[in-house]
**Q** 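Sharing a structure here in structure tokens format.
Position 1 is the first residue of the sequence; numbering continues from there. Values below: all heavy atoms of this structure, side chains included; hydrogens, waters and symmetry mates excluded.
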Amino acid sequence: MTRVVGGSESRRTSGFPAELTSFVGRRDEAADVRRLLSVGRLLTLTGPGGVGKTRLAGHVAGQVARAFPDGVWLVPLAALRDEAFVPHAVNDALGVRNETVRPPLEILVDHLRERRLLIVLDNCEHLLRSCAVLAGTVLTATEGVRVLATSRHRLGLAGEQLFEVPPLPAPAPEELSPSAVDSFPALRLFADRAAAVVPGFTVGEANQQAVARLCRRLDGLPLAIELAAVRVRALGVDQLVERLDDRYQLLTGGSPASTPRHRTLRSAVDWSHELCTPQEQLVWAWLSVFVGGFDLAAAEAVCAGDGVEASAVLDAVAGLVDKSVLVREEHGGQLRYRLLVSLRDYGLEKLHDLGEATDTRRRHRDHFARLGAEYEQAWFGPDQEEITERLRIDQDNFRAALDFCLTTPGEAQHGLRLASTLWFHWVASGIWGEGRHWMDGALRAGARPDVALTRAMWAGALTSLVHSRSAAVLAGLDPVRTAAVADEELPVPAPPPVPAGTLGPGRARTSTAGFVVLTRVELACTLVSRGRAAEAIPLCTEAVALCRAHGEQWARSWALRTLALAHWAAGQYERAAEHARACLRLPYTVRQHQSLARTLDLLAAAEALAGHAERAGVLRGAVDRIWHDIGGNPVESPRPGRPRPAEHHARHTLGDHAYTLAHRHGGELTAEEAVAYALGGPGEGGASGVRTGSSVCTGPSVRTGAAPVAGERSAPDPAKAPAPVPAPAPPSPSTADPVPLTRRELQVAALVAQGRTNRQIADHLVIARRTAEGHVERILVKLGFHNRSQVAAWFSARPGA
């Protein structure tokens with residue numbers, strides 16, 4: 001999450017991998033880059049592959065982070081091949097969500113317009129045009145954004161500053177001394193990496209001449225030096241230099257000075273390749289189709305077969321790790337592997353030389369298509385959190401598979417099927433814009449619409465419809481009273497039946513289960529928008545029960561929010577708040593910030609009309625903060641300058657100054673603090689300790705897990721539910737009804753006139769004490785009174801009292 005001006009501190013850098021090895025040298029270069037960033041808004045680090053552009057950019061990013069209150073963000077581009085996808089990648093890296101079909105660059109510019117941040121575009125050389133368009137558009141439309149790019153070539157924009165990253169200095173023979181290893185970064189890098197494979201290795205008087213000669217031979221390129229250092233374990237420094245000299249005599253015709261740096265790196269990689277076994281060389285080429293990393297199962301799916309055993313793939317992977325060709329990493333306890341960009345490019349060249357590029361990429365596509373189908377099948381169930389994380393880790397591979405389908409003749413239909421299968425990912429993660437990018441691209445490439453596409457488009461349209469109708473109800477835009485009269489004779493359409501054998505406890509799940517629940521939610525939301533909230537309640541209750549039976553959270557959050565909306569529209573504000581809090585107890589809701597913002601917004605509306613105006617102001621401030629951080633609310637009211645009834649009511653109750661103060665405090669909360677505050681409830685103790693105005697409102701820690709939670713009990717019999725009523729507007733002396741109170745509020749006013757306390761009122765009406773307190777507060781606001789005695793006098797003076 002980025003930081004809103006005036007908000008709390010958050011993580012200053014995002015997307016940069018943890019440094020697994022030490023950062024050597026580059027002090028002067030880092031200072032130069034910082035200086036150039038301070039005087040210009042676009043800086044490109046150039047230089048050959050392997051010179052350390054990415055590493056230098058990441059190091060500088062950490063040094064300058066304090067100068068950018070809205071953060072420093074890495075956008076890795078090496079895995080992309082589609083120029084049109086660059087804006088999507090930047091939005092994704094910045095956490096900007098696009099649930100619409102608006103152009104992603106337009107969404108990005110809106111998000112960045114008032115921010116001060118640094119975007120690091122890494123590896124731009126194969127996407128120069130789109131990177132230039134994006135950088136130019138963003139820099140023109142904003143004042144506080146700066147761009148740091150790494151590329152082998154310049155972007156070519158006006159105002160672009162260039163910094164050529166030099167190789168690491170290596171000493172000439174006459175510069176050698178006992179302290180040379182401390183003075184020359186090339187020697188220090190070699191010593192550091194060699195010590196990692198030969199514990200206790202140092203560069204001293206006995207070997208520094210040989211190490212210096214090797215570093216000069218490798219032109220001081222960090223990647224080449226690192227590859228050579230790994231060989232010390234097998235060859236020793238002297239033998240390593242001797243063999244490297246032989247190679248360069250062969251490759252350059254005896255003139256090392258004529259070797260360009262790109263050929264130097266190529267020679268070093270060639271040598272590493274020759275030291276691999278034939279099986280390792282083949283697996284290296286096959287593994288080059290992966291982007292962003294892979295696990296062993298994926299490697300076996302792509303490399304095994306046609307006479308190659310899975311055990312042979314494992315042996316080859318282990319050998320490539322041992323030779324520093326593959327980088328071994330761990331994500332959430334899962335072991336994964338990755339090829340550095342230069343080594344991946346080399347492997348792709350070898351794969352094309354073998355004539356196996358298309359077949360290998362097709363096996364890669366097939367593996368991730370199988371994974372996508374498995375994830376869709378298991379989505380409606382308890383594994384959603386794990387599936388979401390797997391998709392996040394492998395997103396570059398899914399994108400590569402889709403790109404293969406859209407750019408290879410005859411594969412477009414496979415691409416459409418894969419993009420459509422991932423509908424749950426696009427919708428649940430709030431990146432429907434990316435899903436449409438791939439589906440539209442497949443159709444343009446010649447794919448024919450099919451059942452999978454229909455399913456995906458239906459899901460996207462349905463979720464958008466529910467969002468827009470819910471927002472309209474809260475905004476008071478629907479003519480509820482008129483609609484209720486007009487719909488009196490309109491029967492409620494029956495929801496689709498539950499597929500036999502799919503939703504009972506312990507039964508197998510299917511990909512249609514989520515659609516069954518969403519259909520009920522959509523129908524319920526439609527009923528609420530038509531003034532028939534009581535009829536929506538049992539539909540939502542059934543949907544919640546179906547989800548709970550299977551430990552499902554995503555559709556369950558939709559059902560709970562719509563259930564809360566139905567109670568809100570029926571005037572049952574405390575019940576609405578209960579169901580909104582139940583939704584907040586779902587880990588999915590907390591993890592996905594669009595869902596969190598919508599749930600907190602609904603809770604704020606319920607708190608406002610339940611008489612808890614200060615809490616409503618704090619929650620609304622938190623909602624605005626979250627939407628600000630992720631790119632805005634895609635279904636914001638078409639009349640944003642006009643406050644919604646609930647917000648107007650809370651502001652009227654507190655007064656402008658107090659409401660503004662509460663809203664400001666809400667905007668300073670992190671998402672986690674906002675959830676803790678929301679779950680506290682009025683008058684309950686807890687852990688957040690957020691001070692607003694003259695009171696301290698606290699909330700308990702967030703509860704996780706899929707067990708039943710408060711607020712998910714069965715709703716009352718719809719036949720006995722109160723008739724739907726519109727959200728009350730603040731009273732106006734000139735237009736207020738002579739008796740502006742509801743039937744329940746009149747009952748409470750009668751008990752106030754009898755001199756009863758809030759506790760006595762609650763006991764008499766069999767309601768919670770805080771519900772009674774809310775009724776009394778609303779009565780005071782509606783009548784414009786300041787104390788209970790005025791209420792008693794007013795009620796006693798009424799005709800028939």
**Q** Check whether Phe368 forms a cation-pi arrangement with Arg399 (NZ or CZ under 6.0 Å from the six-membered ring centre, at most 45° off the ring normal).
**A** no
**Q** Look only at the side chain of Thr408 and the backbone of Cys405, and say whether a donor-acceptor pair between them is shorter than 3.5 Å.
**A** no
**Q** Are the side chains of Thr599 and Ser557 in contact, using a 4.5 Å heavy-atom criterion?
**A** no
**Q** Measure centre to centre between the rings of Trp438 and Phe85, then say whether the value is under 6.0 Å.
**A** yes
**Q** For the residue pair Trp558 and Thr463, establish whether any side-chain heavy-atom pair is separated by less than 4.5 Å.
**A** yes
**Q** Taking Leu339's backbone N and O only, do any of them form a donor-acceptor pair with Arg344's side chain (distance below 3.5 Å, no angle check)?
**A** no
**Q** Tell me, with the steps shown, if Glu385 and Tyr588 meet side chain to side chain contact (heavy atoms under 4.5 Å, CB included).
**A** CA-CA 7 Å; Glu385 190 167 1; Tyr588 165 80; over 6 Å; no
**Q** May I ask you to test the Ile431-His425 pair for a side-chain heavy-atom distance under 4.5 Å?
**A** yes
**Q** Does any part of the side chain of Leu189, heavy atoms only, come nearer than 4.5 Å to the side chain of Leu168, both counted from C-beta?
**A** yes
**Q** Can you name the nearest heavy-atom pair linking Ala428 to Trp379, along with the distance?
**A** CB-CZ2, 3.7 Å
**Q** Search all heavy atoms of Leu603 against all heavy atoms of Ala678 and return the closest pair with its distance.
**A** CD2-CB, 3.6 Å
**Q** Using modelled atom types and a 3.5 Å cut-off, is there a donor and acceptor pairing between side-chain atoms of Lys53 and backbone atoms of Ser151?
**A** no
**Q** When you measure from the side chain of Arg338 to the backbone of Gly293, do you find a donor-acceptor pair of N or O atoms at a distance under 3.5 Å?
**A** no
**Q** Okay, side chain of Trp73, backbone of Gly95: is any donor-acceptor separation there less than 3.5 Å?
**A** no
**Q** For Asp629 and Arg625: C-alpha separation, side-chain torsions, deciding distance, then whether salt bridge (charged side-chain N to carboxylate O under 4.0 Å, His left out) applies.
**A** CA-CA 6 Å; Asp629 284 347; Arg625 159 74 182 272; 3.0 Å; yes
**Q** Which distance, rounded to the nearest 0.5 Å, do you find between the CG of Leu94 and the CD1 of Ile107?
**A** 13.0 Å
**Q** Which atom pair, heavy atoms only, marks the closest approach of Pro104 to His88?
**A** CG-NE2, 3.5 Å
**Q** Do Thr589 and Arg561 have a side chain donor and acceptor closer than 3.5 Å?
**A** no
**Q** Could you tell me whether Asp92 and Arg97 have a side-chain N and a carboxylate O separated by less than 4.0 Å?
**A** yes
**Q** Check the pair Val618, Tyr677 against side chain to side chain contact (heavy atoms under 4.5 Å, CB included), reporting the backbone distance first and the verdict last.
**A** CA-CA 9 Å; Val618 173; Tyr677 177 85; 3.5 Å; yes
**Q** How about CZ on Arg81, more than 12 heavy atoms from neighbouring residues, nucleotides or ligands closer than 6.0 Å, or not?
**A** yes
**Q** Does Arg390 pair with Glu386 as a salt bridge, N-O distance under 4.0 Å?
**A** yes
**Q** Examine distances only and state if a side-chain atom of Gln594 and a backbone atom of Ser429 form a donor-acceptor pair shorter than 3.5 Å.
**A** yes
**Q** Report yes if some heavy atom in the side chain of Tyr659 is under 4.5 Å from a heavy atom in the side chain of Arg620; otherwise report no.
**A** yes
**Q** Quick one: does His126's side chain have a donor or acceptor within less than 3.5 Å of a partner on Leu80's backbone?
**A** yes
**Q** Which atom names give the shortest non-hydrogen contact between Cys525 and Val466, and what distance separates them?
**A** SG-O, 3.8 Å
**Q** Go through Arg664 and Leu661 one step at a time and tell me if the side chain to side chain contact (heavy atoms under 4.5 Å, CB included) criterion holds.
**A** CA-CA 5 Å; Arg664 183 184 304 154; Leu661 185 62; 4.1 Å; yes
**Q** So, Ser464 side chain and Gly460 main chain: donor-acceptor pair closer than 3.5 Å or not?
**A** no
**Q** Hey, could you give me the CD/CZ distance between Glu389 and Arg591, rounded to the nearest 0.5 Å?
**A** 9.0 Å
**Q** Check whether any side-chain heavy atom of Leu586 lies under 4.5 Å from a side-chain heavy atom of Val590, and answer yes or no.
**A** no
**Q** Would Glu160 and Thr44 satisfy side chain to side chain donor-acceptor pair (under 3.5 Å), going step by step from the backbone distance to the final call?
**A** CA-CA 7 Å; Glu160 177 185 18; Thr44 302; 2.5 Å; yes
**Q** Applying side chain to side chain contact (heavy atoms under 4.5 Å, CB included) to Arg152 and Leu128, what does each step give before you reach the verdict?
**A** CA-CA 10 Å; Arg152 298 180 190 180; Leu128 286 176; over 6 Å; no
**Q** How many angstroms lie between atom CD of Glu329 and atom CD1 of Ile393, to the nearest 0.5 angstrom?
**A** 10.5 Å
**Q** Judged by modelled atom types alone, do His467 and Arg598 share a side-chain donor-acceptor pair under 3.5 Å?
**A** yes
**Q** For Arg336, is there an ion pair with Glu330 - N to carboxylate O distance below 4.0 angstrom?
**A** no
**Q** Is Asn123 close to Pro76 at the side-chain level, that is, under 4.5 Å between some pair of heavy atoms?
**A** no
**Q** Less than 4.5 Å apart, any side-chain heavy atom of Ile119 and any of Arg146?
**A** no
**Q** Nearest 0.5 angstrom please: Arg41 CZ to Leu139 CG, how far?
**A** 4.5 Å
**Q** Looking at Asp440 and Arg444, does any basic side-chain N land under 4.0 Å from a carboxylate oxygen?
**A** no
**Q** Where do Ala61 and Val72 come nearest, in terms of heavy atoms and distance?
**A** CB-CG1, 3.6 Å
**Q** Drop me the distance from Arg436's CZ to Trp432's CH2, to the nearest 0.5 angstrom.
**A** 6.5 Å
**Q** Closer than 3.5 angstrom, by distance alone: can the side chain of Glu673 be matched with the main-chain N or O of Thr670 as a donor-acceptor pair?
**A** yes
**Q** In residues 28-39, what donor-acceptor pairs under 3.5 Å come from side-chain atoms, sequence neighbours left out?
**A**
from, atom 1, to, atom 2, distance (Å)
Glu29, OE2, Arg26, NH1, 3.3
Arg34, NH1, Gln63, OE1, 2.7
Ser38, OG, Arg35, O, 2.5

**Q** Can you see which heavy atom on Val86 is nearest to which on Ser130, and at what distance?
**A** CG2-OG, 3.2 Å
**Q** Hey, what do you get for CH2 (Trp458) to CG (Leu453), rounding to the nearest 0.5 Å?
**A** 14.5 Å
